[in-house]
Enquirer: 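I am attaching a structure below and will ask some questions about it afterwards.
As the structure is a prediction and not an experimental result, all values here were calculated from the model. We use all heavy atoms of the structure for the numbers below, so side chains are in, but hydrogens, waters and symmetry mates are not.
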Amino acid sequence: MSDTPKKLFIKTYGCQMNVYDSERMAEALGAEGYVTTETAEEADMVLLNTCHIREKAAEKVYSDLGRLRPLKQAKPDLKIGVAGCVAQAEGEEIIRRMPMVDLVVGPQAYHRLPDLIRAKGRAVDTEFPAEDKFDHLPERKAMRGPSAFLTVQEGCDKFCAFCVVPYTRGAEVSRPVDRILREARDLVSRGVREITLLGQNVNAYHGEGEGGTWGLGRLIRALAEIDGLARIRYTTSHPNDMDDDLIAAHGDVPALMPYLHLPVQSGSDRILKAMNRKHTAESYLRLIDRIRAARPDILLTSDFIVGFPGETDRDFEDTMDLIRAVGFGAAFSFKYSARPGTPAAERAPVDSQVADDRLQALQALITEQQRRVQAAMVGREVGVLYEKAGRLPGQMVGKSDHLHAVHVEDTAGRVGELVRVRISASAPNSLAGQRLS
Ligand code: 5AD
Ligand code: SF4
């Protein structure tokens, strides 16, 4: 290790777990003398933490690598690494197609980054090692804001017909309860007030704890006992894993925020079956009723795929009906993208223009619902956790209990404060309000 710190630039694509992983990779490399920097130009190492979920995301990696080529030519010592789900899925291809890449590391092997860096020649590690990467990573030390992610579960055993996750992230694994509680306490001791529990299938959490296997509801109840931890969230969930205890927790754990992202993907039973979702539109709606019975003011969001192979106008209308029936606060929607190795990729695609038109119609409906849900917040009192100063003087910005961005008039506000706010106005993507008391 040299005395002058080497500079590391990480670019993160895709989901929140990649954000978490990037932070942990930066810390693993920090132990090797690297400090993070904001631009690739001044870096000694560039690490792309990639996403494979849709074709566009995966292709972006190759075009970004192409753009790094002149940098590498000007500075042959520059190390270029590819991490994340594209690394996992296309590791060998990356090495073949992209001679400037020095190392490739999958999402379950990144604790071995320090060894890979020291390796002579180009290195690939896309194993699913038997050891737990979290046991081999340095403790989390980064300076942070009041809100943090914490991975509790990884991987997926559901095998939805469109999805690469079971292949890139591997089988479902839950971290033991004591490690999670320790990481959470440590975060809180360094000023964190809100923790978002992460997992590809987070509500399928089944970790070893005192007295046996714990579900997510029990884990949330234990986390809620931590002094100073004001808010708990979790993402992403599958409808079939919303068990009674977790639903009940939404009613009786005040720290569990009234917000739930619950992807449904489609409102057509025919398409849900073809997607291998193992639930129906009706069972989803009944589940929403039970969740709302536990927590009437919960804000619901979802994911949708349009243009899945075989989707007819009628199927699409069923999706629109489901959206109308639920009233989502927001949603992510995607045009189906055929992914290599998944069962649906073998099926005949829907006409691309038809899929585009459906996507536009669906997004217009969601935007309208989002507007309505936000407008209904006006006049209400909510909690807001300040994340930063606003652009205007005397203004703070934070997230409400329902995860709305809120601009608050507050000349004395400090980052990390959790305050009561009266909502006074709703803009397309945020709310405004005044601090109470
Ligand atoms: N095409 C389009 N969208 C997809 N998603 C997952 N796989 C695909 C695919 N092949 C979407 C799903 C999922 C979200 C994370 O990405 O809606 O919930
Ligand atoms: Fe992918 Fe989610 Fe289905 Fe798992 S549950 S296969 S992560 S869409």
Enquirer: Do Arg175 and Glu183 come close enough that some side-chain heavy atom pair is under 4.5 Å?
Expert: yes
Enquirer: With distance as the sole criterion, is a donor-acceptor pair present between the side chains of Ser22 and Asn49 under 3.5 Å?
Expert: yes
Enquirer: Can you list every salt bridge (charged side-chain N to carboxylate O under 4.0 Å, His left out) pair that touches residues 360-371, not counting sequence neighbours?
Expert: Glu368-Arg371, Glu368-Arg372
Enquirer: Evaluate the criterion side-chain contact (heavy atoms from CB on, under 4.5 Å) for residue pair Lys399 and Arg231; output intermediate values, then yes/no.
Expert: CA-CA 11 Å; Lys399 295 281 170 26; Arg231 290 173 150 192; 4.2 Å; yes
Enquirer: For atom CZ of Phe128, is the number of surrounding heavy atoms from other residues, nucleotides or ligands below 6.0 Å larger than 12?
Expert: yes
Enquirer: With sequence neighbours excluded, give me every salt bridge (charged side-chain N to carboxylate O under 4.0 Å, His left out) pair touching residues 196-218.
Expert: none
Enquirer: Between Leu197 and Ile232, is any pair of side-chain heavy atoms under 4.5 Å apart?
Expert: yes
Enquirer: Would one find more than 12 heavy atoms of other residues, nucleotides or ligands at under 6.0 Å from atom CZ of Arg118?
Expert: yes
Enquirer: Can you list everything that forms a side-chain contact (heavy atoms from CB on, under 4.5 Å) with Ser333? Sequence neighbours excluded, please.
Expert: Phe304, Leu359, Leu362, Gln363
Enquirer: Should we count CG of Asp351 as having more than 12 external heavy atoms under 6.0 Å?
Expert: yes
Enquirer: Among all residues two or more places apart in sequence or in another chain, which pass the side-chain contact (heavy atoms from CB on, under 4.5 Å) test with Arg54?
Expert: Phe334, Ser337
Enquirer: Taking the inter-plane angle between the rings of Phe162 and Phe308 on a 0 to 90° scale, is it parallel (under 30°), tilted (30 to 60°) or perpendicular (over 60°)?
Expert: perpendicular
Enquirer: I would like to know whether Leu262 and Met242 meet side-chain contact (heavy atoms from CB on, under 4.5 Å); could you show each step before the answer?
Expert: CA-CA 9 Å; Leu262 196 58; Met242 289 302 299; 4.1 Å; yes
Enquirer: Suppose we screen for side chain to side chain donor-acceptor pair (under 3.5 Å). Which residues come up paired with Tyr13, at least two apart in sequence or across chains?
Expert: Asp64
Enquirer: Determine whether a donor-acceptor pair (N or O, by modelled atom type, separation under 3.5 Å) exists between the side chain of Arg270 and the backbone of Gly310.
Expert: yes
Enquirer: Let me know which of Leu48, Leu68, Ile94, Val46 forms a side chain to side chain contact (heavy atoms under 4.5 Å, CB included) with Val101.
Expert: Ile94
Enquirer: Indicate the atoms forming the closest heavy-atom contact of Val177 with Gly207, along with that distance.
Expert: CG2-O, 4.1 Å
Enquirer: Which heavy-atom pair separates Ala87 from Val105 by the least distance, and what is that distance?
Expert: CB-O, 3.4 Å
Enquirer: When Leu187 is tested against each of Arg140, Arg193, Arg182 for side chain to side chain contact (heavy atoms under 4.5 Å, CB included), which residue passes?
Expert: Arg140
Enquirer: Go through the structure and list residues passing salt bridge (charged side-chain N to carboxylate O under 4.0 Å, His left out) with Arg292, not counting sequence neighbours.
Expert: none
Enquirer: State, without any angle test, whether His261 and Asp303 hold a side-chain donor-acceptor pair at a distance under 3.5 Å.
Expert: yes
Enquirer: In terms of side-chain heavy atoms, does Tyr259 have a donor or acceptor partner in Asp401 at a distance below 3.5 Å?
Expert: no
Enquirer: Does a donor on one side chain sit under 3.5 Å from an acceptor on the other, for His111 and Glu131?
Expert: yes
Enquirer: Parallel, tilted or perpendicular: which describes the rings of His279 and His238, with under 30° parallel and over 60° perpendicular?
Expert: perpendicular
Enquirer: Please list all pairs meeting salt bridge (charged side-chain N to carboxylate O under 4.0 Å, His left out) that have one or both residues in residues 83-93, counting only residues at least two apart or in different chains.
Expert: Glu93-Arg97
Enquirer: Among residues at least two apart in sequence or on other chains, which ones pass side-chain contact (heavy atoms from CB on, under 4.5 Å) with Asp297?
Expert: Pro258, Arg295, Arg380, His402
Enquirer: In chain order, what residues pass the side chain to side chain donor-acceptor pair (under 3.5 Å) check against Thr37, with sequence neighbours excluded?
Expert: Glu42
Enquirer: Which residues pass the side chain to side chain donor-acceptor pair (under 3.5 Å) test with Glu154, not counting sequence neighbours?
Expert: Gln108, Lys133, Arg169
Enquirer: Salt bridge (charged side-chain N to carboxylate O under 4.0 Å, His left out): which pairs involve residues 323-346, sequence neighbours left out?
Expert: Asp321-Arg324, Lys335-Asp356
Enquirer: Kindly check if the number of other-residue, nucleotide or ligand heavy atoms within 6.0 Å of CD (Glu127) is above 12?
Expert: yes
Enquirer: Would you indicate whether the side-chain heavy atoms of Leu246 and Ile220 approach each other to under 4.5 Å?
Expert: yes
Enquirer: Would you say the ring centers of Tyr234 and His250 fall short of 6.0 Å from each other?
Expert: yes
Enquirer: Is the shortest heavy-atom distance from the side chain of Glu387 to the side chain of Val415 under 4.5 Å?
Expert: no
Enquirer: With a 3.5 Å cut-off and no angle check, do the side chains of Gln88 and Thr168 form a donor-acceptor pair?
Expert: no
Enquirer: Would you confirm whether the ring centroid of Phe159 sits within less than 6.0 angstrom of the ring centroid of Tyr167?
Expert: yes
Enquirer: Under the rule for side-chain contact (heavy atoms from CB on, under 4.5 Å), what residues qualify as partners of Asp135, not counting sequence neighbours?
Expert: Asp132, Arg179
